[in-house]
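Have a look at the structure below before the remarks.
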Number of protein chains: 2
Amino acid sequence: MNRNHHFTISAFAEASLLSIKALRLYDELGILPPALIDPDSGYRYYHPDQLGRARLIRQLRQLEMPLAIIRGVLEGSPAEAVAQVQAHWASLQQQMQVARVLVPDVIASLKGENPMSAFHIEIKTTAAQPVLSRTKHVYVDGLDSFIQNSVTELKALAVQQHAVVSGSPFGIFHGQINDESNGPLQVCLPLQAAVPGSDELPAGKLACVTVKGSECDFPNILKAYDAVADWITRHGYQMAGSPREVWHAMERGSEHMSIEWPFND
Amino acid sequence: MNRNHHFTISAFAEASLLSIKALRLYDELGILPPALIDPDSGYRYYHPDQLGRARLIRQLRQLEMPLAIIRGVLEGSPAEAVAQVQAHWASLQQQMQVARVLVPDVIASLKGENPMSAFHIEIKTTAAQPVLSRTKHVYVDGLDSFIQNSVTELKALAVQQHAVVSGSPFGIFHGQINDESNGPLQVCLPLQAAVPGSDELPAGKLACVTVKGSECDFPNILKAYDAVADWITRHGYQMAGSPREVWHAMERGSEHMSIEWPFND
DNA sequence: TCTTGACTCTCCCCTTTGGGCAGGGCTTAA
DNA sequence: TTAAGCCCTGCCCAAAGGGGAGAGTCAAGA
């Protein structure tokens, strides 16, 4: 068991409450290399001082922190490490918040209740709409800043082109945007008349729902999308394009948006 | 876009907020097969009525429910489905409870504080100990019942063999026990003298810590293991075998156990 | 009717965190 | 010396898709 007071891999596994497989992996990834490797046999020998690091890794894994981030925690200063753990903890809590909202909905819909009916759907028939727009692939983390920047930029462009803005800015979600999927998102500013460089959205019908306050936050907002999609299909129509999110007001505490989805008969 | 009012895969992806890749996977797994597959081209066409199921799958995936369990939710009765969602929600909450306990510890130890010192370590020197025992590979879910049954069985065996029980029952964790790892666990009943069928644990020194109440619950109990392992190595000793958990009292509200770890110089 | 561009298909490889096993070497105690 | 127990590397596997190649399909404009 002892080779100059070193642990064999199985003894170290037992002491650290990690598995042998995990230890070999952490060696390979360089986040917990053994203190000593016999060059002849390739046997791994661990020093008792490595138990603290092993224990930390075990605890972070128990928090489902990815090894890539654990590496950062181990390499950074204590202050950075604490910050990363806290950031991870915050994301766990946020995921939990999502679940807290979602679970009652799922259970209600499994029971046959219909939470969609809580939303009031309106129909709008629109003429062709000239818009200035910016389109980009973006993940959730870059979403807010892309929207802010684009709206600011488009408003400036409208002024420069002497174009008259005819409504609230909105975004067309051509693909989902989340941690893994990145749109694209087309941020639009509606105009009274076309100008050079403007696009034109086709005329058509929109199914709309308006939400305010906390209903605008993720993941609650998905309920509004579902309600609109549900309404369209339940009335025998078909979706005809990507859904839009109209930003009437986005100040903290008084958010006000609409979800609008094109459809046809 | 419409082939007898069916969605193409990309239209359905957009309406359901799922990705095309996911839809193809759900088809392959049989949990969301398209309403129609063109036998010539292999193209998938979805019916609007399938949106509800798609939405449900999306929501359950957002709760990180595995597809295998989602299949069960979809196939079972509404009551069963609700029960499975609630069970999943309970496990999410439990995982969160683990994190709530672990995070402050991790942060404290990153800051260089030492929560181990909160435990009082005692040293015991034991003679060879005859025991009746039962050893088994078992996962967490079977843990409690295996312990209960084994202790009951061993006590009956002791009576039958006219052996005198000399202490509280305990378990030797030869390997970790959790969702993926299954021990083995050796449940032991200490005897005053050997009888036929009894084993003998070797004499030696034990580092011990006693915990009560909520400190006995997972994951808090891991802190006690860490504290003992830490004490042993910090004092220049080595662990000599697997840790033991002595069950002095296990009634709800008045749990009382010791963690004992053999070591040598 | 043909072409072109967008859409879709299948097939294969990649990710992450290990678990499980095979074949072979190492160590140690009897 | 031999057998048992450890340990090594290397390979395949899981879940839930993402990414891309190469080939076939669809629909709209010329």
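The basis for the numbers below is simple: all heavy atoms, side chains too, and nothing from hydrogens, waters or symmetry mates. Here is how names work: the chains are called A, B, and so on, in the same order as the sequence lines, proteins then strands, and each is numbered from 1.
Considering only the side chain of A:Arg61, C:dG18 comes nearest among C:dG18, D:dC6, C:dT8. Closest approach to the A:Leu25 side chain among C:dT17, C:dG19, D:dG17 is made by C:dT17 (side chain taken as heavy atoms from C-beta onward).
Look at CG on B:Asp27: it is 12 Å from C1' on C:dC9, rounded to the nearest Å. Rounded to whole Å, atom P of C:dG19 lies 14 Å from atom NE2 of B:His137. Counting to the nearest Å, the P atom of D:dA14 and the CG atom of B:Leu29 are 12 Å from each other. Between the CD1 atom of B:Ile20 and the C1' atom of C:dT8 there is a distance of 8 Å, given to the nearest Å. Atom CG of B:Leu67 and atom C1' of D:dA14 are 13 Å apart (whole Å). If you measure from atom CG of A:Leu60 to atom P of C:dT17, you get 12 Å, rounded to the nearest angstrom. As rounded to whole Å, 11 Å separates atom C1' of D:dC8 from atom OH of A:Tyr45. Between B:Arg71 atom CZ and D:dA15 atom C1' the separation is 13 Å, expressed in whole Å.
A salt bridge links A:Arg55 with B:Asp230: the closest approach of a Lys/Arg side-chain nitrogen to an acidic carboxylate oxygen falls below 4.0 angstrom. Ion pairing of A:Asp38 with A:Arg44 is absent here, as no side-chain N (NZ or NE/NH1/NH2) approaches a carboxylate O to less than 4.0 Å.
Contact of B:Tyr26 with D:dG17 (side chain to base): no donor-acceptor pair of N or O atoms is detected under 3.5 Å. Checked by distance alone, A:Tyr43 brings a side-chain donor or acceptor within 3.5 Å of a matching partner on the base of D:dC6.
Regarding contacts with the backbone of D:dG17, every side-chain N or O of B:Ser19 stays at 4.0 angstrom or more from both OP1 and OP2. Applying the 4.0 Å criterion to OP1 and OP2 of D:dC26, one finds that B:Thr8 has every side-chain N and O outside that range.
Residue B:Ser41 is the one, among B:Ser41 and A:Arg24, whose nearest nucleotide of DNA chain C lies closer to the 5' end (criterion: closest heavy atom). Nearer to the 5' terminus of DNA chain C, by closest-nucleotide assignment, is the contact made by B:Arg44 (compared with the other of B:Arg44 and A:Lys21).
Side-chain atoms of B:Ser242 never come within 3.5 Å of backbone atoms of B:Ile172 as a donor-acceptor pair (strictly under, hydrogens ignored).
Here B:Phe12 and B:Phe7 bring their ring centres to under 6.0 angstrom of each other.
A donor-acceptor pair shorter than 3.5 Å can be found between the side chains of B:Gln97 and B:Arg100.
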